[in-house]
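Step one of this worksheet: look at the structure below.
Below, read A as the first sequence line, B as the second, and so on, with proteins coming before strands; counting in each chain starts at 1.
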There are 2 protein chains.
Amino acid sequence: MASNIKENYIKALFYLHQKNEEISLSALGEELQVSKPTANDMIKKLKAEGIVVSEKYKPIRITAEGKRQAASVIRKHRLSEMFLAQIMKFGWEEVHEIAEELEHIKTEKLFDRMDDILGFPTTDPHGSPIPDKDGNFNKPDYKRLSQLPVGSVVIIKALRESSADFLQYLNKKSIKLNTKITIEHIERFDGSYTVSYDGISGVVLGKSVCDRLLVKLV
Amino acid sequence: MASNIKENYIKALFYLHQKNEEISLSALGEELQVSKPTANDMIKKLKAEGIVVSEKYKPIRITAEGKRQAASVIRKHRLSEMFLAQIMKFGWEEVHEIAEELEHIKTEKLFDRMDDILGFPTTDPHGSPIPDKDGNFNKPDYKRLSQLPVGSVVIIKALRESSADFLQYLNKKSIKLNTKITIEHIERFDGSYTVSYDGISGVVLGKSVCDRLLVKLV
DNA sequence: TTAATTTGTTAGACTTATCTAACTTTATAT
DNA sequence: ATATAAAGTTAGATAAGTCTAACAAATTAA
Ligand SMILES: [Mn+2]
Ligand SMILES: [Mn+2]
Ligand SMILES: [Mn+2]
Ligand SMILES: [Mn+2]
């Protein structure tokens, strides 16, 4: 059984692999805030366990087994977030921190029961998909709000980034998942959008905000 | 911040101290299934942190600070058990194992929220008291069923031992907390009790069972 | 195509938690 | 009071996870 620490490496490897099939030691060290020799040592252990393939001076690749193990941790994380939000009434800006701890709990039936109580949800409170136990999950092709033209009517479906700061900003603006937004104006100069939602019009969202909102066209 | 492992030592020290003010290294090692040198090393560290007092060849005593830290872990454990049982519908024989993991979660507000959702319970699903954050908890003076005479009418309030095996035995007998029992007969030869409850009479409970049931006289 | 920069590796050290074997001190029993 | 047993300590070793300093390889830029 992998330790908490190993699980965090596996999860990081999975995230990095989603951005780029080939993973660099530097990126891994950066992601986990450890030195390159530390990351290198761990890669040797994970290689011995069949979780990555790696050869001297060559980029690292995660194996099918590695993906399976990563999905298991991510499933625990996202089910926990959903349970904390829906059942325990935590805000979506609070759940990630707690889920970072809960995801390492070994007893599977805790998460199976969460899943059951929640009615087998397919996404977490930030719109990210919850993998099933075999590691499969939907990857719907949402667009960034910042990619869409004036006049588009969209529904917010997920976030590209879910830092507490960003979530608190969205709270302040009363923007939630499934909020229906109409794009009224795009300011060419700075990429900011003027939008309307919930019957309020003229709300200005900066470029970096629109870049983080994943939406579906209505 | 204490690691999981240290927290387990602190909890063990607290349990041992409840049986016997003075704690021996052997008992500590036995409790945690580690060797005496291992326990000894940890005691040196805990002494440096002010959690125990201990001098060479003298028995170990837990400090007020040690008790406070133990109570914090026990509170997390017992609130978790109660949450798992009441809200997540796990059986009382299932909750301990999961709570052994949950008790090490750092984020206090998770447990505060459990407490809130549960309506500030004073005991766990096995009748053990839940300490408050300052480490105070009720220690009601229940009697063992095995100490009471024929004719007594009692209510089961807690268990002296909560192994999954014992709890499954109680499930089979439909005995729960708050079950009202009447003692019909005591067999002198083997100390077994014949009792009635829930309208069923003539149920025989062995000595070891009666020894584990903590009851209040009606 | 050489030089500079980035990336990866090695070597050596530290911390925490664990062990066994051997020894010392304290307690118990004859 | 002495011998035996139990409890506690020391010494030395191991494994996991981390670091820094120094060096080697690969990539990128000039
Ligand atoms: Mn998260
Ligand atoms: Mn999330
Ligand atoms: Mn328990
Ligand atoms: Mn309990």
Side-chain angles (χ1 to χ4, degrees), chain A residues 1-17 19-62 66 69-70 73 100-101 103-104 106, chain B residues 1-17 19-62 66 69-70 73 100-101 103-104 106:
Chain A
M1 274 316 117
S3 72
N4 284 13
I5 288 169
K6 263 186 194 162
E7 287 181 355
N8 285 335
Y9 276 90
I10 293 169
K11 202 164 48 127
L13 285 163
F14 184 81
Y15 286 133
L16 293 170
H17 130 95
K19 289 191 212 153
N20 196 330
E21 189 63 43
E22 309 208 312
I23 303 156
S24 74
L25 264 186
S26 309
L28 181 59
E30 174 61 24
E31 178 74 19
L32 291 169
Q33 294 291 288
V34 297
S35 69
K36 284 182 285 176
T38 298
N40 202 17
D41 282 356
M42 185 59 79
I43 286 299
K44 284 175 186 165
K45 290 174 202 162
L46 295 177
K47 181 187 173 185
E49 293 178 30
I51 286 160
V52 297
V53 291
S54 122
E55 277 163 280
K56 250 195 185 182
Y57 295 108
K58 299 246 178 73
I60 301 151
R61 259 165 302 115
I62 188 166
Q69 289 192 24
V73 179
E100 280 294 318
E101 300 194 69
E103 72 188 5
H104 301 295
K106 299 290 165 295
Chain B
M1 276 314 119
S3 70
N4 282 15
I5 287 169
K6 263 186 193 160
E7 287 181 354
N8 285 334
Y9 275 90
I10 294 170
K11 203 165 48 127
L13 285 164
F14 185 80
Y15 286 133
L16 293 171
H17 131 95
K19 290 192 211 155
N20 196 331
E21 188 64 37
E22 308 206 312
I23 302 156
S24 74
L25 264 186
S26 309
L28 181 60
E30 174 62 24
E31 177 75 19
L32 291 169
Q33 294 291 287
V34 296
S35 69
K36 285 182 284 177
T38 299
N40 201 18
D41 281 357
M42 186 57 79
I43 287 298
K44 284 175 188 165
K45 288 174 202 160
L46 295 177
K47 181 187 172 184
E49 293 177 31
I51 287 161
V52 296
V53 291
S54 122
E55 277 164 281
K56 249 196 189 181
Y57 295 108
K58 298 246 179 72
I60 301 150
R61 258 165 303 114
I62 188 166
Q69 290 192 25
V73 179
E100 280 295 316
E101 299 194 70
E103 71 188 5
H104 301 296
K106 300 290 164 297

Criterion side-chain contact (heavy atoms from CB on, under 4.5 Å) on A:Ile10 and A:Ile51, from CA distance to verdict: CA-CA 8 Å; A:Ile10 293 169; A:Ile51 286 160; 3.8 Å; yes
Pairwise N/O distances under 3.5 Å, protein to nucleotides 4-10 of chain D:
{"residue": "D:dG8", "atom": "OP2", "partner": "B:Leu25", "partner atom": "N", "Å": "3.1"}
{"residue": "D:dG8", "atom": "OP2", "partner": "B:Ser26", "partner atom": "N", "Å": "2.9"}
{"residue": "D:dG8", "atom": "OP2", "partner": "B:Ser26", "partner atom": "OG", "Å": "2.9"}
{"residue": "D:dG8", "atom": "N7", "partner": "B:Lys36", "partner atom": "NZ", "Å": "3.2"}
{"residue": "D:dT9", "atom": "OP1", "partner": "B:Tyr57", "partner atom": "N", "Å": "3.1"}
{"residue": "D:dT9", "atom": "OP2", "partner": "B:Asn40", "partner atom": "OD1", "Å": "2.7"}
{"residue": "D:dT9", "atom": "OP2", "partner": "B:Asn40", "partner atom": "ND2", "Å": "3.2"}
{"residue": "D:dT10", "atom": "OP1", "partner": "B:Lys56", "partner atom": "NZ", "Å": "2.9"}
{"residue": "D:dT10", "atom": "OP2", "partner": "B:Lys44", "partner atom": "NZ", "Å": "3.3"}

Whole-Å gap separating P (D:dG17) and CD1 (A:Ile43): 13 Å
Taking only N and O in the side chain of A:Ser35, is any of them less than 4.0 Å away from OP1 or OP2 of D:dC19? yes
For a quick test of reading the model, state the closest non-hydrogen atom pair linking B:Ile60 to B:Ser54 and the distance between them. CG1-CB, 4.2 Å
Does any non-hydrogen side-chain atom of A:Leu28 lie less than 4.5 Å from one of A:Ile43? yes
What is the bend of the helix from C:dT1-D:dA30 to C:dT30-D:dA1 when you compare the axis at one end with the axis at the other, using five pairs each and rounding to 10°? 0°
From A:Glu55 CD over to A:Arg61 CZ, what is the distance, rounded to the nearest 0.5 angstrom? 8.5 Å
Which atom pairs, one a donor and one an acceptor, fall under 3.5 Å between side chains of residues 32-40 of chain B and the rest of the protein, sequence neighbours left out?
{"residue": "B:Gln33", "atom": "NE2", "partner": "B:Glu30", "partner atom": "O", "Å": "2.9"}
{"residue": "B:Ser35", "atom": "OG", "partner": "B:Thr38", "partner atom": "N", "Å": "3.4"}
{"residue": "B:Ser35", "atom": "OG", "partner": "B:Thr38", "partner atom": "OG1", "Å": "2.9"}

Hey, what do you get for CE (A:Met42) to CD1 (A:Ile5), rounding to the nearest 0.5 Å? 6.5 Å
Looking at B:Ile62 and B:Ile23, what are the two nearest heavy atoms and their distance? N-CD1, 4.4 Å
Tell me, do B:His104 and B:Asn8 make a side-chain contact under 4.5 Å, heavy atoms counted? yes
Residues two or more places apart in sequence or in another chain: which of them pass salt bridge (charged side-chain N to carboxylate O under 4.0 Å, His left out) with B:Glu103? B:Lys11
Is A:Lys6 reaching over with its side chain to a backbone N or O of A:Asn4, donor-acceptor style, under 3.5 angstrom? no
Rounded to the nearest angstrom, tell me the gap between atom CD in A:Glu7 and atom P in D:dG17. 11 Å
Contact boundaries of DNA chain C with chain B (under 4.0 Å, heavy atoms), 5' to 3'? C:dT16 to C:dT26
Please list, for nucleotides 14-16 of chain D, all pairs of protein and nucleotide N/O atoms separated by less than 3.5 Å.
none

